[in-house]
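Hydrogens, waters and symmetry mates play no part in the numbers below; they use all other heavy atoms, side chains included. What you see is a predicted model, and the numbers here were worked out from it, not measured in a lab.
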Amino acid sequence: MEIQNPKSIGKNLNLEVLLAEVDAELNRFRLLGDFPTEVHEEIQRAFLPERISDTLNIEGIRVNPRITRAILEGLSLAESDQYNEQEVLNVIQANELIESESAAKTKLSVQLIRELHRRIENGLIDSAGSFRQKDVMITGAVEQPPAWSDCADLVNELCNLYEQSAGV
């Protein structure tokens, strides 16, 4: 499996136009300056439950913003939902790491990715924070994950490519 440099991926005209619009809006937004701390915290509170729910739903874990909000407020779910509760708590921990490392402008690294994996899978799998030790298949997918023995090198290559293209 080869990791492509983001600069070499072709884009169609519609995507180019959309990206140009996003860049223009982002630049306009940046001209507004930094948000006051209270506004930033309110934005975090308002969007975090949906962001966490969406993240977990992509992985097939069915939670909604209401459940996520309840967990954020310290409420416990029913015994039958304890696994989902752990999933939400783990993503909250991973999100905190992402935000703190982003604010510190920490470079993407294998160690950071492994720590994120450790937080996301904490209490759910024994190998949290480690690269997998066996091959896996995704049923019905055209592309399949790389061999387990290639994962460490591929993640390292991904981090290097990200750093090279960070200014793009």
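For the residue pair Q93 and R119, the shortest heavy atom distance occurs at O-NH1, 3.1 Å. Residues A46 and P49 approach most closely at O-CD, 3.9 Å, considering heavy atoms. When all heavy atoms of S53 and P65 are compared, the closest pair comes out as OG-N, 3.1 Å. The two residues N84 and R62 make their nearest non-hydrogen contact at ND2-O, 3.5 Å. Across all non-hydrogen atoms, the minimal contact from P145 to R132 is CB-NH2, 3.5 Å. Closest non-hydrogen pair, D135 versus P146, comes out as OD1-O, 4.3 Å.
To the nearest 0.5 Å, atoms CG (L112) and OG1 (T106) are separated by 7.0 Å. To the nearest 0.5 Å, atom CG of residue N90 and atom CZ of residue R118 are 9.0 Å apart. N160 CG to S109 OG: the interatomic distance, rounded to the nearest 0.5 Å, is 10.5 Å. Atom CG in L89 sits 6.0 Å away from atom CD1 in I71 (nearest 0.5 Å). The CD atom of E50 sits 9.5 Å away from the OG1 atom of T68 when rounded to the nearest 0.5 Å. Annotation: the span from S149 atom OG to K134 atom NZ amounts to 15.0 Å, rounded to 0.5 Å.
Between the side chain of N156 and the backbone N or O of A152 there is no donor-acceptor pair closer than 3.5 Å. In terms of modelled atom types and a separation under 3.5 Å, the side chain of S127 and the main chain of S130 share no donor-acceptor contact.
Within the structure, ring pair (Phe, Tyr, Trp, His ring centres under 6.0 Å) pairs that include any residue of residues 113-148 do not occur (at least two apart or interchain).
Note on I120: it does not cluster hydrophobically with I61, by side-chain heavy-atom contacts below 4.5 Å among ILVMFWY residues.
Side-chain contact between L124 and E87 is present, with at least one heavy-atom pair separated by less than 4.5 Å.
Sparse packing is recorded around CG of D34, with 12 or fewer heavy atoms of other residues, nucleotides or ligands lying under 6.0 Å away. Dense packing is recorded around CG of D23, with more than 12 heavy atoms of other residues, nucleotides or ligands lying under 6.0 Å away.
Summarising the hydrophobic clusters (Ile, Leu, Val, Met, Phe, Trp, Tyr; side-chain heavy atoms under 4.5 Å, direct or chained), the residues clustered with F35 are F29, L32, V39, I43, F47.
By the side chain to side chain donor-acceptor pair (under 3.5 Å) test, R51 is found to be paired with N95, E99, residues two or more places apart in sequence or in another chain being considered.
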Report task. Could you walk me through whether Q144 and I138 pass side chain to side chain contact (heavy atoms under 4.5 Å, CB included), step by step? Result -> CA-CA 6 Å; Q144 291 297 322; I138 302 173; 4.0 Å; yes
